[in-house]
Amino acid sequence: MQLVVARIGRAHGIKGEVTVEVRTDEPELRLGPGAVLATDPASAGPLTIASGRVHSGRLLLRFEGVHDRTGAEALRNTLLIADVDPEELPEGEDEYYDHQLIDLDVVTKEGEEVGRITEISHLPTQDLFVVERPDGSEVFVPFVEEIVAEIDLEGQRAVITPPPGLIDDRAEVASSRDASESGDDDR
C-alpha cells in the first residue's frame with residue numbers, strides 16, 4: 001500500500017535542499033537518509049533521501065542527484081509516497097493510518113448514524129474527518145479526543161460525541177439581547 005508521507009515545498013539555499021510539509025506521524029521512519037520514495041507526479045521520482053535536518057522548526061531534505069537550487073525548485077509541490085505494509089500499525093496505541101479510518105461508519109454515542117469517513121484532512125492545528133452523510137452532504141468532524149470517543153477498527157466504526165451544532169442545527173445561541181427584546185428593559 002502506498003501512503004503520502006510529505007509534500008515538497010520551496011527550495012532552501014543553493015545546495016539542493018527543500019522544505020517539506022510532513023504528512024506522517026513517523027517522519028524519522030519514513031523520511032530518513034537512504035529512504036527511496038515514489039512521487040506524484042511519477043516523472044519526478046523515485047527520489048532517494050540523501051540527508052535531512054530541522055531548521056527553524058521545518059524539516060529540510062536533500063535528495064540524491066539534486067545539487068542546486070534549480071533542481072530543488074523543480075521538485076516543488078511533488079508528493080512523496082512510501083510503500084507501507086497494509087498490516088503495519090502505527091507505534092502509538094491511539095494512532096491510526098488514514099487507510100485504517102477511511103470508510104469507517106460514524107455514529108454518535110447514542111447510536112445515531114452520521115455517515116461514512118471519506119477523507120482525512122490534515123490541517124496545521126488538527127486533523128478532520130470528512131464524513132459523507134446519507135443524503136450526500138458532508139460534515140467535518142475534528143479528530144480530537146473530546147469529540148471522537150472511540151475508534152473501533154474491528155467493528156468498522158468511529159463513535160463520536162458531537163457538541164451541539166456540529167452535525168445538526170441544535171446549537172443554542174445565548175445573548176444578553178434576549179432579555180431586552182422581551183420588553184423588560186428600562187427605557
When you measure from the side chain of [X] to the backbone N and O of [Y], does any donor-acceptor pair fall under 3.5 Å?
| X | Y | value |
| --- | --- | --- |
| T19 | L59 | no |
| T161 | A149 | no |
| R69 | G13 | yes |

- Message: Among L61, T48, L75, V18, which residue satisfies the side-chain contact (heavy atoms from CB on, under 4.5 Å) criterion with V66?
- Response: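 Only match with V66 under side-chain contact (heavy atoms from CB on, under 4.5 Å): L75.
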Value rounded to 0.5 Å, distance of [atom1] in [X] from [atom2] in [Y]:
| X | Y | atom1 | atom2 | value |
| --- | --- | --- | --- | --- |
| I160 | E146 | CD1 | CD | 13.5 Å |
| I49 | L31 | CD1 | CG | 5.0 Å |
| K15 | R62 | NZ | CZ | 9.5 Å |
| I117 | D105 | CD1 | CG | 9.0 Å |

- Message: Could you check whether atom CD of Q156 has more than 12 heavy atoms from other residues, nucleotides or ligands sitting under 6.0 Å from it?
- Response: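 Atom CD in Q156 is crowded, with more than 12 foreign heavy atoms closer than 6.0 Å.
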- Heavy atoms from other residues, nucleotides or ligands near CD1 of I102 exceed 12 (cutoff 6.0 Å):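 For I102, atom CD1 is crowded (more than 12 foreign heavy atoms under 6.0 Å).
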- Electrostatic pair D152:R157 at N-O distance under 4.0 angstrom: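 So D152 pairs with R157 through a salt bridge.
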- Task: Flag the pair R116 and D103 as a salt bridge only when some basic side-chain nitrogen lies within less than 4.0 angstrom of an acidic carboxylate oxygen.
- Result: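 The answer is yes: the pair qualifies as a salt bridge.
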- Message: For a side chain to side chain contact (heavy atoms under 4.5 Å, CB included) check, start with the C-alpha distance between V36 and L47, then their side-chain angles and the critical distance, and finish with the verdict.
- Response: CA-CA 6 Å; V36 179; L47 295 173; over 6 Å; no
- Given V148 and F129, is the side chain to side chain contact (heavy atoms under 4.5 Å, CB included) satisfied, shown in steps? CA-CA 10 Å; V148 180; F129 290 160; 3.9 Å; yes
- Task: For V131 and V114, work out which heavy atoms get closest and say how close.
- Result: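 Shortest heavy-atom contact: CG1-CG1, 4.2 Å.
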- Query: Nearest heavy-atom pair of R30 and L37: which atoms, and what distance?
  - Reply: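 Looking at all heavy atoms of both residues, the closest pair is O-CD2, 3.9 Å.
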- From the options R10, R53, R58, select the one residue that forms a salt bridge (Lys or Arg N to Asp or Glu O under 4.0 Å) with E17.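 Filter result, single survivor: R53.
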- Message: Looking only at side-chain N and O atoms, does D135 offer a donor or acceptor that is under 3.5 Å from a partner on S137?
- Response: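 Result is yes, a qualifying pair exists.
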